[in-house]
Amino acid sequence: MPYEAERHGPRRLVGPGFHRRVQSAVLMVPPGCVTTYGDIAAALGSVRIARQVGFALAALPADAAVPWWRVVAAGGRLSTAPATARRQQRLLAAEGVAVRGTRVIDFQGRRFVFPGIVPEPS
DNA sequence: CGGCTGACGACCT
DNA sequence: GAGGTCGCCAGCC
């Protein structure tokens, strides 16, 4: 599936290669499901770059065609930035994903597992 | 090239 | 459960 943001012109696309790889991964997550920064990091090749995944999403423009709200922290917790967390909760609720406090209800059941996710080689 | 900045995650009180 | 510490590393000056 092509990268939807790409069709809207270069200005919508958050540039560098790493950011694009993160966005491609997020686009795989279907509505009503969630994934974690760590899972995306693992899908990209290293569980150690979970934090960079977060920064890449933070750099997204407001009009990016990327469902960033489906990405939560480990254990189904929402992001630590309060303003972001509120927006995220509202967007998740619109997809039928309930949140109590800062945690997704039934996180394991809602979790999207990336195909071919492999633990770090060396 | 070097320092700064963080939507994380694991672990500790 | 609710705080804090620390290692992690890609971008951007």
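In the text below, chain A, chain B and the rest are named by the order of the sequence lines, each starting its count at 1.
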Side-chain donor-acceptor contact under 3.5 Å, E95(A) with W69(A): yes
In whole angstroms, how far is the P atom of dG6(B) from the CD atom of Q52(A)? 13 Å
For I49(A), report the nucleic acid contact type (base, sugar-phosphate, nothing); a contact means any heavy atom under 4.0 Å. sugar-phosphate
Report all interatomic pairs (protein N or O, nucleotide N or O of nucleotides 9-13 of chain B) with separations under 3.5 Å.
from   : atom 1 : to     : atom 2 : distance (Å)
dG9(B) : OP1    : G38(A) : N      : 2.9
dG9(B) : OP2    : A74(A) : N      : 2.6

Say you draw a straight line from CZ of F112(A) to OG1 of T36(A); how long is it, rounded to the nearest 0.5 Å? 12.0 Å
Decide side chain to side chain contact (heavy atoms under 4.5 Å, CB included) for V71(A) and Y37(A); before the verdict, give the C-alpha distance in whole Å, the side-chain angles of both, and the deciding distance to 0.1 Å. CA-CA 6 Å; V71(A) 184; Y37(A) 301 98; 3.7 Å; yes
For R100(A) and I105(A), indicate whether the former's side chain and the latter's backbone hold a donor-acceptor pair under 3.5 Å. no
Integer-rounded Å distance: dT5(B) P and H19(A) NE2: 17 Å
Take atom CG of L44(A) and atom P of dC9(C), then tell me their distance rounded to the nearest Å. 14 Å
Can you tell me how far apart OG1 (T35(A)) and CZ (F114(A)) are? Round to the nearest 0.5 Å. 4.0 Å
Of the candidates dA10(C), dC8(C), dA7(B), the side chain of F18(A) sits closest to dA10(C)
Just by modelled atom types, is the R77(A) backbone N or O under 3.5 Å from a matching donor or acceptor in the R103(A) side chain? no
R48(A) atom CZ is separated from dC9(C) atom C1', nearest whole Å, by 9 Å
Grab the CD1-P distance between I40(A) and dC8(B) for me, whole Å please. 12 Å
Atom-to-atom span, CZ of F55(A) to C1' of dC4(B) - whole angstrom: 12 Å
